[in-house]
Amino acid sequence: MRTADLDLATLRCEQDGRVLTVRVVSPPFNYMTAAMQDDLVRLVAAVDADDGVGAVILTGGVPGRYITHFDIADLLHSAETLPPTLPRAPVSLAVRVIKTISAVGGGPARRLLDRTPLASLGLLARFHAACEAILRSPAVWIAAVDGPCGGGGLEVSTFFDVRLASADAHFMLPELTIGLTTTFGGQQLAKVIGPVRALELMLEARAITAAEASEVGLVNSVVDGDVLAAAQELAARYARRPRSVVAAQKAVFHDDVPLSESLTREAVDQMIGLSTRVTRAALRCWLRRQDPSGDSTFLTDLEPWRDGTALDMNAGAGQRRDEEAVGSTAGRTS
């Protein structure tokens with residue numbers, strides 16, 4: 001099944017070329033809920049399996065709303081099902097066990113957990129895994145923030161590769177004011193803007209503007225106009241990058257490994273890339289486009305490479321088939 005054909009309760013998907021646009025539709029306030037988390041888990045898994053998707057845009061589907069924050073009523077319901085003052089050690093053990101079961105048990109484990117009082121913890125474990133998967137996803141994920149982005153909405157967006165914001169968007173993390181920490185995005189936020197800025201954002205608990213968010217590095221750019229249109233233009237270009245190479249590069253950036261191991265992985269990825277027919281075709285195309293003076297094509301004729309139109313590096317249904325198809329047609333590509 002194509003990702004665009006998913007039947008989701010809170011997300012609406014549409015695809016144009018290799019760009020999947022996903023609108024969050026949970027009226028009237030676009031609060032994050034358990035249903036939305038489950039939809040996002042299914043979306044991430046589908047994108048990973050869908051070679052036809054090169055970029056994903058998440059944006060608000062309710063006018064003036066992105067993902068406001070987590071539904072406080074849902075949080076209260078969860079709180080009231082728990083005994084008071086849970087000891088840290090057994091809670092830590094339970095979370096780790098549930099995450100392990102969710103990771104290795106597959107569908108049967110999920111169905112079993114869903115019939116127990118630990119169902120919400122099982123969903124959270126799957127959602128954690130989905131957030132991590134975005135960091136390794138072969139697709140480029142873009143948040144087009146067009147309204148309030150707070151709490152869980154801000155946290156999940158920190159896992160995206162690019163964050164664009166409309167001029168009137170704003171961002172907040174009010175968890176500390178109600179006695180809670182972040183649930184899944186705190187560490188990632190600290191990586192994006194630094195731990196000092198991240199803690200200040202939570203201690204102040206005020207909504208910062210899109211311009212302020214840009215200054216601290218929380219968003220890549222502020223769009224003066226239609227943020228979704230800007231995201232779609234960007235996504236169309238990024239979607240032309242090969243999925244396997246995007247995933248490999250994201251792994252280099254996000255894997256928490258010692259420098260020596262990271263350098264080894266980069267060398268391995270480079271050797272694998274050089275061995276593929278699609279890369280060889282690209283190198284030949286680069287040389288054909290080279291300026292007669294011998295100057296770099298990236299200096300004299302960059303736009304076709306930047307736009308991804310110099311060579312179709314995503315022809316076919318799968319990466320190996322991509323390589324075969326592009327390799328056999330390279331001589332006809334100009």
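The chain is numbered in sequence order, starting from 1. Basis for what follows: all heavy atoms, side chains included, without hydrogens, waters or symmetry-related copies.
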**Q** Start with the C-alpha distance between H170 and I208, add both sets of side-chain angles, then the distance that settles side-chain contact (heavy atoms from CB on, under 4.5 Å), and finish with yes or no.
**A** CA-CA 6 Å; H170 54 274; I208 64 172; over 6 Å; no
**Q** Please evaluate residues R96 and T100 with respect to the criterion side-chain hydrogen bond (donor to acceptor under 3.5 Å, both in side chains), reporting the C-alpha separation (whole Å), side-chain torsions for both, the decisive distance (0.1 Å), and the verdict.
**A** CA-CA 6 Å; R96 294 175 190 278; T100 300; over 6 Å; no
**Q** Would a distance-only check, ignoring hydrogens and angles, find a side-chain to backbone donor-acceptor pair under 3.5 Å from R243 to N314?
**A**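 No: the side chain of R243 does not pair with the backbone of N314.
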**Q** Evaluate the side-chain contact (heavy atoms from CB on, under 4.5 Å) criterion for residues L154 and L189: first the C-alpha distance (whole Å), next the side-chain angles of each, then the deciding distance (0.1 Å), finally the verdict.
**A** CA-CA 9 Å; L154 192 157; L189 176 67; 4.0 Å; yes
**Q** With a 4.5 Å limit on heavy-atom distance, are the side chains of V252 and Q249 in contact?
**A** yes
**Q** If you compare all heavy atoms of W286 against all heavy atoms of S296, which two are closest, and at what distance to 0.1 Å?
**A** CZ2-OG, 3.8 Å
**Q** Run the salt-bridge test on D307 and R240 with the 4.0 Å N-O cut-off and return the result as yes or no.
**A**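 No, D307 and R240 are not salt-bridged.
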**Q** Using modelled atom types and a 3.5 Å cut-off, is there a donor and acceptor pairing between side-chain atoms of E212 and backbone atoms of T209?
**A**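 Checked: pair present.
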**Q** Looking only at heavy atoms, what is the nearest atom pair of W305 and A282, with distance?
**A**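 Closest approach of W305 to A282, heavy atoms only: CH2-O, 3.4 Å.
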**Q** Decide, yes or no, whether a salt bridge links E204 with R197 under the criterion of side-chain N to carboxylate O below 4.0 Å.
**A** no
**Q** Please write out which residues are connected to M172 in a hydrophobic cluster, directly or through intermediates, given that two of Ile, Leu, Val, Met, Phe, Trp, Tyr count as joined at side-chain heavy-atom separations below 4.5 angstrom.
**A** none
**Q** Between side-chain atoms of residues 137-145 and protein atoms elsewhere (two or more places apart, or another chain), which donor-acceptor pairs fall under 3.5 Å?
**A**
residue, atom, partner, partner atom, Å
S137, OG, D48, OD1, 3.3
S137, OG, A139, N, 3.1
S137, OG, W141, NE1, 3.0

**Q** Is there a donor-acceptor pair under 3.5 Å between the side chain of T3 and the backbone N or O of A46?
**A** yes
**Q** Could you walk me through whether V56 and F160 pass the side-chain contact (heavy atoms from CB on, under 4.5 Å) test, one step at a time?
**A** CA-CA 10 Å; V56 180; F160 283 32; over 6 Å; no
**Q** Can you sort out the partners of E80 under salt bridge (Lys or Arg N to Asp or Glu O under 4.0 Å), two or more places apart, ordered by chain and number?
**A**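 None.
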**Q** Side-chain donor-acceptor contacts of residues 23-36 below 3.5 Å, not counting sequence neighbours, with atom names and distances?
**A**
residue, atom, partner, partner atom, Å
R23, NH1, E14, OE1, 3.1
R23, NH1, E14, OE2, 3.3
N30, OD1, S26, N, 2.8
N30, ND2, V24, O, 3.0
N30, ND2, Y66, O, 2.8
T33, OG1, A35, N, 3.4
T33, OG1, M36, N, 3.2

**Q** Strictly by modelled atom types, are T276 and R280 linked by a side-chain donor-acceptor pair under 3.5 Å?
**A** no
**Q** Spell out, as yes or no, whether a donor-acceptor pair under 3.5 Å connects the side chain of T279 to the backbone of L274.
**A** no
**Q** Quick one: closest heavy-atom pair of V222 and A210, and the distance?
**A**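 Minimum heavy-atom contact is CG2-O, 3.5 Å.
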**Q** Taking the side chain as everything from C-beta on, heavy atoms only, tell me whether T183 gets closer than 4.5 Å to T181.
**A** no
**Q** Going by the rule salt bridge (Lys or Arg N to Asp or Glu O under 4.0 Å), which residues pair with R136 if we only count those two or more places apart in sequence or in a different chain?
**A**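 Not a single residue meets the salt bridge (Lys or Arg N to Asp or Glu O under 4.0 Å) criterion with R136.
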**Q** What residues form a side-chain hydrogen bond (donor to acceptor under 3.5 Å, both in side chains) with E175, not counting sequence neighbours?
**A**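 By the side-chain hydrogen bond (donor to acceptor under 3.5 Å, both in side chains) rule, E175 matches no residue at all.
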**Q** Using a 3.5 Å cut-off and no angle test, enumerate the donor-acceptor pairs between side-chain atoms of residues 226-239 and protein atoms at least two apart in sequence or in another chain.
**A**
residue, atom, partner, partner atom, Å
D226, OD1, L228, N, 3.0
D226, OD1, A229, N, 3.2
Q232, NE2, T21, OG1, 3.2

**Q** Distance only, no hydrogens: is a donor on one side chain within 3.5 Å (strictly under) of an acceptor on the other, for D168 and S166?
**A** yes
**Q** In chain order, what residues pass the side-chain hydrogen bond (donor to acceptor under 3.5 Å, both in side chains) check against T59, with sequence neighbours excluded?
**A** D146
**Q** Counting only heavy atoms not in R12, do more than 12 sit closer than 6.0 Å to its CZ atom?
**A** yes
**Q** Given side chains that start at C-beta, do those of R126 and D38 come closer than 4.5 Å, heavy atoms only?
**A**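 Yes, their side chains come closer than 4.5 Å.
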**Q** Mind checking whether Q37 and V41 have side chains closer than 4.5 Å, heavy atoms only?
**A**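 Counting from C-beta outward, Q37 and V41 never come under 4.5 Å.
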**Q** Is there a continuous path of hydrophobic side-chain contacts, each under 4.5 Å between heavy atoms, that joins I72 to F127?
**A**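 Result: yes, single cluster for both.
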**Q** Looking at every heavy atom in both R241 and G308, which two are closest together, and how far apart are they?
**A** NH1-N, 3.8 Å
**Q** Judged by atom type as modelled, is there a donor-acceptor pair below 3.5 Å linking the side chain of Q290 to the main-chain atoms of G294?
**A** yes
**Q** Run the side-chain hydrogen bond (donor to acceptor under 3.5 Å, both in side chains) test against D301 and tell me which residues pass, sequence neighbours left out.
**A** R289
**Q** Begin with the C-alpha distance, continue with both residues' side-chain angles, and end with the deciding distance and a verdict on side-chain contact (heavy atoms from CB on, under 4.5 Å) for R163 and V192.
**A** CA-CA 11 Å; R163 288 167 294 280; V192 171; 3.4 Å; yes
**Q** Side-chain contact, heavy-atom cut-off 4.5 Å: C131 with V156?
**A** yes
**Q** According to salt bridge (charged side-chain N to carboxylate O under 4.0 Å, His left out), does anything in residues 52-61 pair up with another residue at least two apart or in another chain? List the pairs.
**A** none
**Q** Less than 4.5 Å apart, any side-chain heavy atom of L20 and any of V47?
**A**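 They are in contact (side-chain heavy atoms under 4.5 Å apart), so the answer is yes.
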**Q** May I ask you to test the L176-L203 pair for a side-chain heavy-atom distance under 4.5 Å?
**A**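 Yes, close enough: below the 4.5 Å cut-off.
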**Q** Sorted by first residue and then second, give each salt bridge (charged side-chain N to carboxylate O under 4.0 Å, His left out) pair with at least one member in residues 252-262; sequence neighbours left out.
**A**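 Listed by first then second residue: D255-R265, E261-R265.
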**Q** What distance separates Q187 CD from T158 OG1, expressed to the nearest 0.5 Å?
**A** 10.0 Å
**Q** Is there side-chain contact between R18 and V53, with at least one heavy-atom pair below 4.5 Å?
**A** no
**Q** Should M1 and L43 be regarded as members of a common hydrophobic cluster, given that ILVMFWY residues are connected when their side-chain heavy atoms come within less than 4.5 Å of each other, either directly or indirectly?
**A** yes
**Q** Considering non-hydrogen atoms only, spot the tightest contact between S157 and C149 and give its length.
**A**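 Taking every non-hydrogen atom into account, OG-SG, 4.2 Å.
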**Q** If you compare all heavy atoms of V22 against all heavy atoms of C13, which two are closest, and at what distance to 0.1 Å?
**A** CG2-SG, 4.0 Å
**Q** Please assess D295 against T300 for the test side-chain hydrogen bond (donor to acceptor under 3.5 Å, both in side chains), listing each intermediate value before the final yes or no.
**A** CA-CA 7 Å; D295 201 357; T300 62; over 6 Å; no
**Q** Hey, are K250 and D161 close enough for a salt bridge, meaning a charged N less than 4.0 Å from a carboxylate O?
**A**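 Salt bridge between K250 and D161, a charged N being under 4.0 Å from a carboxylate O: yes.
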**Q** Tell me, please, which residues at least two apart from S275 pass side-chain hydrogen bond (donor to acceptor under 3.5 Å, both in side chains).
**A**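 Scan of S275 (side-chain hydrogen bond (donor to acceptor under 3.5 Å, both in side chains), adjacent residues dropped) gives none.
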**Q** How long is the gap from CG on L201 to CD1 on I193, to the nearest 0.5 Å?
**A**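 That separation rounds to 5.5 Å.
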